[in-house]
Amino acid sequence: HEAGSRHAEQAFARVARPGSHPLLPLRFDLADRHGVHVWEGTLDPEDHPFLAQHFAQNEPILPAVLFYELAYAIAVEILGPGPKAFSNVGLRRAVFLSGGGPVRLQAVMSRSQVNTFSIRFFSASHENGHAGEWQLCCEMTLREGESAAPPRERMVEDLSAFPTHVAGSEFYSLTSD
């Protein structure tokens, strides 16, 4: 039943939201909280085998870079194309994919200031057919617009002391203890 509902969720999203990210196929706009957008999806390595290719402590884990990918996808969905800058990124909890069942992932985007949004990701594991409690796993700030990121000073390093080419055998002899 669980696999069937996941596949129905994905099939519905492909029709209703053809440009949606496949890992966050469902989107809700809360009726009583204007400007709050919620996306939800099911992460299951059986459906998306690439999810089980990243490991920590010998367990499959959701790569942190996926949060950036999902944040960018939902930012483009709400704000359209154009410059985006993410800051104040906090990884709060790892999302392990070895718990014996799929993991629900939810993203919540809300405006915090003019041209600034909060994006928070939550996960809930399924165990014995029951969904666990939502836990915050990542949060970040999104800034939109031409001046999204403050200008950075460009560092120019003098690399003239370094050789332009080093043979592999020479590199290993220089770096071995």
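A quick note: this is a predicted structure, and the numbers were derived from the prediction, not measured.
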### L79 and L142, any side-chain heavy atoms less than 4.5 Å apart
yes
### Task
Report yes if some heavy atom in the side chain of L24 is under 4.5 Å from a heavy atom in the side chain of I74; otherwise report no.
yes
### Task
Could you grab the distance from atom CG of L97 to atom CD of E46, nearest 0.5 Å is fine?
12.0 Å
### Flag side-chain contact, heavy atom, 4.5 Å: E77 against R27
yes
## Note on the structure
Nearest heavy-atom contact between S112 and S118 is OG-N, 4.1 Å
### Query
Side-chain contact, heavy-atom cut-off 4.5 Å: R104 with F122?
no
### Query
Taking side chain as C-beta onward, heavy atoms only, is Q113 less than 4.5 Å from T141?
no
#### Entry: Minimum heavy-atom distance between S123 and C137, given as atom pair plus value
N-SG, 3.9 Å
### Message
Nearest 0.5 Å, please: how far is CD1 in I78 from CH2 in W39?
### Response
4.0 Å
## Note on the structure
Between V76 and K84, the two heavy atoms sitting closest are N-CE, 4.3 Å
### Query
In Å, rounded to the nearest 0.5 Å, how long is the span from CZ of R111 to NE2 of H37?
8.0 Å
### Message
If the condition is salt bridge (Lys or Arg N to Asp or Glu O under 4.0 Å), which residues does R92 pass it with, not counting sequence neighbours?
### Response
E139
### Message
Taking atom CZ as the centre, does R93 end up with more than 12 heavy-atom neighbours from other residues, nucleotides or ligands that are less than 6.0 angstrom away?
### Response
yes
Run the side-chain donor-acceptor check on residues 55-71: report pairs under 3.5 Å with partners two or more places apart or on a different chain.
| unit_1 | atom_1 | unit_2 | atom_2 | d |
| --- | --- | --- | --- | --- |
| E59 | OE1 | S98 | OG | 2.5 |
| E69 | OE2 | H21 | NE2 | 2.6 |

### Message
If I compare all heavy atoms of L136 with all of C138, which pair ends up nearest, and what's the gap?
### Response
CD1-O, 3.6 Å
### Query
Are any non-hydrogen side-chain atoms of H48 and L43 less than 4.5 angstrom apart?
no
### Distance, nearest 0.5 Å, that separates CH2 of W134 from CD of E40
4.0 Å
### Summary
Between the CG atom in D29 and the CE atom in M109, the distance rounded to the nearest 0.5 Å is 11.0 Å
## Note on the structure
Heavy atoms of A124 and G132 approach each other most closely as CB-O, 3.4 Å
#### Entry: Separation between CZ of F117 and CZ of R143, rounded to the nearest 0.5 Å
12.5 Å
### Close side-chain approach of V95 and F121, heavy atoms under 4.5 Å
no
